[in-house]
Amino acid sequence: MTLFQLFIGFLLLISWVIRPLLYKPIAEYFPAKQSATFTSFWLVFSLILTYPILGHFLQFNGNNALFSPYILISVYKGVALFYFVTLQQIINKKSLSSSVFLSFIAMALGSLVNNLFFAENLGITKVFCICGFGILGILFLYKGDAKRLSHKDIFFFFIATIIMASFSISDHIAIPKVGWYAHLLVSSIIMCLSCFLYKISRLAFKMVFKDKRTILAGVFYAVTEFLVIYASINILPVSIVALFLRLSVPIVMIISALRYKEQNLKNQLIFGILAILLALPIIL
């Protein structure tokens with residue numbers, strides 16, 4: 001790995017540490033659905049802004065990707081993203097650690113489904129690690145910071161985990177058929193439309209432009225989303241990108257212990273390190 005690749009990997013790591021920390025105060029002071037509103041708006045705005053440069057990616061394998069039947073998977077992801085951001089913010093309000101830790105369980109669940117139904121061909125070691133995540137997830141609910149969640153929040157935790165797992169499945173199917181740009185464009189537009197369909201208040205849309213916290217979080221989300229995509233396509237193997245992103249979780253859990261008094265440093269470190277150790281064979 002070159003120094004430039006290491007720099008990009010470090011940039012990905014830092015950005016994924018900062019992102020949930022920007023969303024935490026928003027979760028505490030604003031309704032969860034408003035986070036889906038400003039997130040989707042800034043994603044769509046960034047896609048419109050970059051369309052003159054990236055619009056040619058809509059032509060994929062000689063066809064307009066928007067007319068492919070596989071684009072319906074992107075439509076699904078857009079609706080699912082609306083629910084995921086909303087549920088994750090509900091969890092984030094109570095436990096920042098839980099809102100990021102669920103990504104490990106989702107990764108394992110998504111890998112298992114891809115292996116069983118979409119010929120990902122995981123080895124016995126990876127399957128063993130996936131089972132380990134199931135056990136670790138249960139322990140996190142009883143011994144980790146998730147034990148502070150209410151029964152309703154735990155239900156949201158499971159639903160958010162399942163939705164996030166479905167993202168890796170939908171990406172696995174759709175991107176080879178329609179390309180990353182069409183997939184991101186359609187899912188972002190549908191996510192934004194979902195906010196209108198669920199009658200998000202006018203105040204929520206005004207907040208996109210007026211509140212400094214939501215502007216910063218939304219712009220940062222959009223920029224880092226493009227950074228991950230660009231790094232995955234042009235700079236680093238997808239598995240290495242995934243590794244750098246997952247390495248951010250233990251750091252966020254340590255910060256949440258120190259800043260938000262979520263559990264204690266030892267507890268957060270144990271769960272974070274165990275999750276990384278189980279993730280390594282799956283990612284690499």
Side-chain angles (χ1 to χ4, degrees), residues 1-2 4-16 18-19 36-82 84-85 110 114 118-120 163-164 166-197 205 208-209 215-245 283:
M1 189 178 296
T2 66
F4 177 69
Q5 288 176 317
L6 280 173
F7 170 74
I8 295 298
F10 181 75
L11 203 61
L12 290 169
L13 171 62
I14 294 301
S15 67
W16 243 246
I18 294 173
R19 197 150 94 169
T37 304
F38 73 76
T39 300
S40 62
F41 172 83
W42 287 110
L43 272 173
V44 171
F45 180 77
S46 66
L47 286 159
I48 293 172
L49 203 64
T50 57
Y51 181 80
I53 301 170
L54 302 174
H56 65 277
F57 283 119
L58 288 178
Q59 292 295 322
F60 191 74
N61 291 335
N63 299 305
N64 190 322
L66 297 179
F67 294 101
S68 169
Y70 288 94
I71 207 69
L72 292 175
I73 298 174
S74 307
V75 172
Y76 157 77
K77 187 176 180 181
V79 176
L81 271 167
F82 169 81
F84 175 74
V85 173
N114 282 333
F118 301 106
E120 205 167 71
I163 292 174
M164 192 175 188
S166 76
F167 293 159
S168 65
I169 300 165
S170 61
D171 293 348
H172 181 74
I173 300 170
I175 292 176
K177 300 295 184 181
V178 300
W180 69 268
Y181 185 77
H183 189 52
L184 180 61
L185 176 67
V186 172
S187 61
S188 299
I189 290 173
I190 295 298
M191 183 186 179
C192 196
L193 289 175
S194 297
C195 297
F196 285 96
L197 292 174
F205 286 100
V208 170
F209 303 100
I215 293 172
L216 178 60
V219 171
F220 191 83
Y221 186 101
V223 170
T224 53
E225 201 70 16
F226 274 89
L227 175 62
V228 170
I229 293 168
Y230 184 79
S232 301
I233 295 172
N234 298 298
I235 302 173
L236 292 165
V238 175
S239 60
I240 301 299
V241 170
L243 176 60
F244 277 113
L245 299 185
I283 294 172

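These numbers come from the heavy atoms of this one structure, side chains and all, not from hydrogens, waters or symmetry mates. Residue numbers start at 1 and run along the sequence shown. Since the structure is predicted, the reported quantities are computational estimates derived from the model, not experimental observations.
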As an exercise, state the distance from CG of Leu66 to OH of Tyr181, rounded to the nearest 0.5 Å. 9.5 Å
Identify the heavy atoms of Ala65 and Val178 that sit nearest to each other, and give their distance. CB-O, 3.3 Å
Backbone N/O of Thr2 and side chain of Gln5: donor-acceptor pair under 3.5 Å: yes
Do Lys177 and Phe60 form a cation-pi contact, if we require the NZ or CZ to be under 6.0 Å from the six-membered ring centre and within 45 degrees of the ring's axis? no
Are any of the side-chain heavy atoms of Pro237 and Val241 separated by less than 4.5 Å? no
Determine, for Tyr221 and Arg19, whether the Lys NZ or Arg CZ falls below 6.0 Å from the six-membered ring centre while staying within 45 degrees of the axis. yes
I would like to know whether Phe82 and Ile190 meet side-chain contact (heavy atoms from CB on, under 4.5 Å); could you show each step before the answer? CA-CA 9 Å; Phe82 169 81; Ile190 295 298; over 6 Å; no
Which of parallel (below 30°), tilted (30 to 60°) and perpendicular (above 60°) describes Phe45 and Phe41? parallel
Not counting sequence neighbours, which residues clear ring pair (Phe, Tyr, Trp, His ring centres under 6.0 Å) with Phe57? List them please. Trp180
Does Phe4 form a side-chain contact (heavy atoms from CB on, under 4.5 Å) with Ile235? I'd like the steps, not just the answer. CA-CA 9 Å; Phe4 177 69; Ile235 302 173; 4.0 Å; yes
What do the steps show when you test Leu54 against Phe226 for side-chain contact (heavy atoms from CB on, under 4.5 Å), and what is the final call? CA-CA 11 Å; Leu54 302 174; Phe226 274 89; 3.7 Å; yes
Quick one: do Leu236 and Ser232 satisfy side-chain contact (heavy atoms from CB on, under 4.5 Å)? Show the steps, please. CA-CA 5 Å; Leu236 292 165; Ser232 301; over 6 Å; no
What I'd like to find out is whether the side chain of Phe38 reaches to under 4.5 Å of the side chain of Ile215, using heavy atoms alone. no
Would a line drawn from the ring center of Phe244 to the ring center of Phe10 be shorter than 6.0 Å? no
Of all heavy-atom pairs linking Ser15 and Phe220, the shortest is O-CE2, 3.3 Å
Give, for atom CG of Leu184 and atom CG of Leu43, the distance between the pair rounded to the nearest 0.5 Å. 6.0 Å
Spacing of OG belonging to Ser168 relative to CG belonging to Asp171, to within rounding of 0.5 Å: 7.0 Å
Got a sec: does the OH of Tyr70 have more than 12 other heavy atoms crowding it under 6.0 Å? no
What's the shortest heavy-atom distance between Leu58 and Leu185, and which atoms? CD2-CD2, 4.0 Å
What is the minimum heavy-atom distance between Ser74 and His183, and which atoms define it? OG-ND1, 2.7 Å
Nearest heavy atoms of Cys195 and Ser40, plus distance in Å: SG-OG, 3.9 Å
Rounded to the nearest 0.5 Å, what separates atom CG in Leu11 from atom CG in Leu6? 12.5 Å
Could you pull out the closest heavy-atom pair between Phe196 and Cys192, with the gap in Å? CD1-O, 3.4 Å
Roughly how far apart are Ile240 CD1 and Leu245 CG, rounded to 0.5 Å? 11.0 Å
Supply the atom-to-atom distance Leu227 CG to Ile8 CD1, rounded to the nearest 0.5 angstrom. 6.5 Å
Leu81 side chain near Lys77 side chain, heavy-atom distance below 4.5 Å: yes
Do you see a donor-acceptor pair shorter than 3.5 Å between the side chains of Tyr76 and Ser166? yes
